[in-house]
Amino acid sequence: MMSHDLSKPMLIKLEHAFFARPAHELAPDLIGKILVRTLRGTPVRARIVETEAYVGTHDLASHASKGLTERTKIMYGPAGRAYVYLIYGMYDMFNIVAAGLDDPQAVLIRAAEPLDGWAVDLAGPGKLARGLEITRALNGIDLTSDDLYLMANSADQPTVVATPRIGIDYAQEWKDQLLRFVDVNSPALSNRKGLPARVGLI
DNA sequence: GCGTCGATGGCA
DNA sequence: GCCATCGACGCG
């Protein structure tokens with residue numbers, strides 16, 4: 001008979017099916033998940049604390065609003081791959097493709113807490129990609145690969161709050177949609193504006 | 001603490 | 001001409 005110690009947290013690798021749903025559902029569910037990046041043969045881990053959903057061609061903040069182009073074509077493919085692009089000439093942005101074929105949705109990973117005593121600043125999408133060495137060379141990579149994958153921690157039940165997305169003031173009626181998701185108790189958010197100073201027994 | 005600004009290159 | 005950003009600088 002197998003024994004199960006339910007007091008022990010379970011770490012389970014996320015498979016493709018986890019990512020194959022609308023970005024507005026996937027994005028909050030990614031808070032508290034663990035990113036594993038293999039660098040020079042060694043896995044480093046970080047806990048995701050901030051994400052944003054980009055929900056399709058009608059979303060004026062999404063690159064997919066430009067339709068199918070050389071840059072956006074990865075979002076039209078299967079869920080669970082990386083969409084990595086360059087912004088401001090110097091920062092790579094790491095996104096996870098969501099939804100299904102020909103439904104171009106994605107989740108931007110904006111901040112994480114390094115684990116295992118690893119001292120690195122991952123509080124912001126540019127810093128996160130730099131710290132994890134995620135560049136455009138990884139655009140299209142399958143996120144169940146050993147180089148970069150995700151894990152669920154059954155013991156981690158973060159308090160998730162939705163806010164407007166950052167840096168998309170041009171997106172008209174989309175700029176106020178509550179499509180950014182944060183673990184309100186994390187010290188590693190990119191930006192704390194609009195959040196309660198602290199969350200206790202409110 | 002907060003506002004402003006420049007870096008820097010791919011994209012449509 | 002614009003960016004799904006960051007870090008440096010100047011306030012007082």
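In what follows, every heavy atom counts, from backbone to side chain, and hydrogens, waters and symmetry copies are set aside. To find a chain, count down the sequence lines: A is the first, B the second, and so on, and within it residues start at 1.
The distance from atom CD1 of Ile166(A) to atom CD of Glu50(A), rounded to the nearest 0.5 Å, is 6.5 Å. For the atom pair Leu108(A) CG and Tyr83(A) OH, the distance stands at 10.0 Å (nearest 0.5 Å). Note that CG of Asn185(A) is 5.0 Å distant from OG1 of Thr159(A), once rounded to the nearest 0.5 Å. Atom-to-atom distance recorded for Ile141(A):CD1 and Ile74(A):CD1 is 10.5 Å, nearest 0.5 angstrom.
Rounded to whole angstrom, the span from the CD1 atom of Ile134(A) across to the P atom of dT5(C) amounts to 16 Å. Rounded to whole angstrom, the span from the CZ atom of Phe181(A) across to the C1' atom of dA4(C) amounts to 15 Å. Between the OH atom of Tyr88(A) and the P atom of dG1(C) there is a distance of 17 Å, rounded to whole Å. In this structure, Ile87(A) places its CD1 atom 18 Å from P of dG6(B), rounding to the nearest Å. To the nearest angstrom, C1' of dC2(C) lies 13 Å from OH of Tyr85(A). In this structure, Asn191(A) places its CG atom 14 Å from P of dG7(C), rounding to the nearest Å.
In this structure, a donor-acceptor pair under 3.5 Å is present between the side chains of Thr72(A) and Thr69(A). Under the 3.5 Å distance criterion, with hydrogens and angles disregarded, no donor-acceptor pair is assigned to the side chains of Asp147(A) and Ser145(A). Judged by distance alone, the side chains of Gln172(A) and Tyr170(A) never bring a donor and an acceptor atom under 3.5 Å apart. Glu113(A) and Ser186(A) share a side-chain donor-acceptor pair at under 3.5 Å.
By the rule that hydrophobic residues join a cluster once side-chain heavy atoms approach within less than 4.5 Å of another member, Met151(A) and Met10(A) end up as members of separate clusters.
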Could you go through the side chain to side chain contact (heavy atoms under 4.5 Å, CB included) check for Leu30(A) and Phe18(A) one step at a time? CA-CA 10 Å; Leu30(A) 284 168; Phe18(A) 178 86; 3.7 Å; yes

Should Arg136(A) and Asp92(A) be marked as a salt bridge (charged side-chain N to carboxylate O under 4.0 Å, His left out) after you check the CA-CA gap, both sets of side-chain angles, and the distance that decides it? CA-CA 7 Å; Arg136(A) 283 166 293 162; Asp92(A) 288 296; 3.5 Å; yes

Would you sort out whether Val36(A) and Ile34(A) count as a side chain to side chain contact (heavy atoms under 4.5 Å, CB included), showing the intermediate values? CA-CA 6 Å; Val36(A) 187; Ile34(A) 296 171; 4.2 Å; yes

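Residues from residues 19-35 of chain A placing a heavy atom under 4.0 Å of any atom in DNA chain B do not occur. Contacts between residues 46-61 of chain A and DNA chain C, counted as heavy-atom distances below 4.0 Å, involve Tyr54(A), Ala61(A). Shown for residues 89-107 of chain A: residues whose heavy atoms fall under 4.0 angstrom of DNA chain B, namely Gly89(A), Met90(A).
In this structure a side-chain-to-backbone donor-acceptor pair under 3.5 Å is missing from Ser190(A) to Ala111(A).
Looking at residues two or more places apart in sequence or on another chain, you find no side-chain hydrogen bond (donor to acceptor under 3.5 Å, both in side chains) involving Lys33(A).
Scanning DNA chain B for stems, defined as runs of 3 or more consecutive Watson-Crick or G-U wobble pairs whose donor-acceptor distances all fall under 3.5 Å, gives the following ranges: B:1-7 with C:5-11, B:9-11 with C:1-3.
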Could you run down the sub-3.5 Å N/O contacts of the protein with nucleotides 10-12 of chain B?
from    : atom 1 : to       : atom 2 : distance (Å)
dA12(B) : OP1    : Thr69(A) : OG1    : 2.4

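Shown are Lys127(A), Arg37(A), Arg40(A); of these, the salt bridge (charged side-chain N to carboxylate O under 4.0 Å, His left out) with Glu133(A) is made only by Arg40(A).
Residue Arg130(A) has no polar side-chain atom (N or O) positioned under 4.0 Å from OP1 or OP2 of dT5(C). Put simply, Tyr170(A) has a side-chain N or O that comes within less than 4.0 Å of OP1 or OP2 on dA4(C).
Among the atoms of the strands shown, base atoms are found under 4.0 Å from some heavy atom of Leu108(A).
For Arg165(A) and Tyr54(A), the positive end sits near the middle of the six-membered ring, less than 6.0 Å away and at most 45° from its axis.
Between dC6(C), dT5(C), dA4(C), one nucleotide has an atom nearer to the side chain of Lys127(A) than all others, and that is dC6(C).
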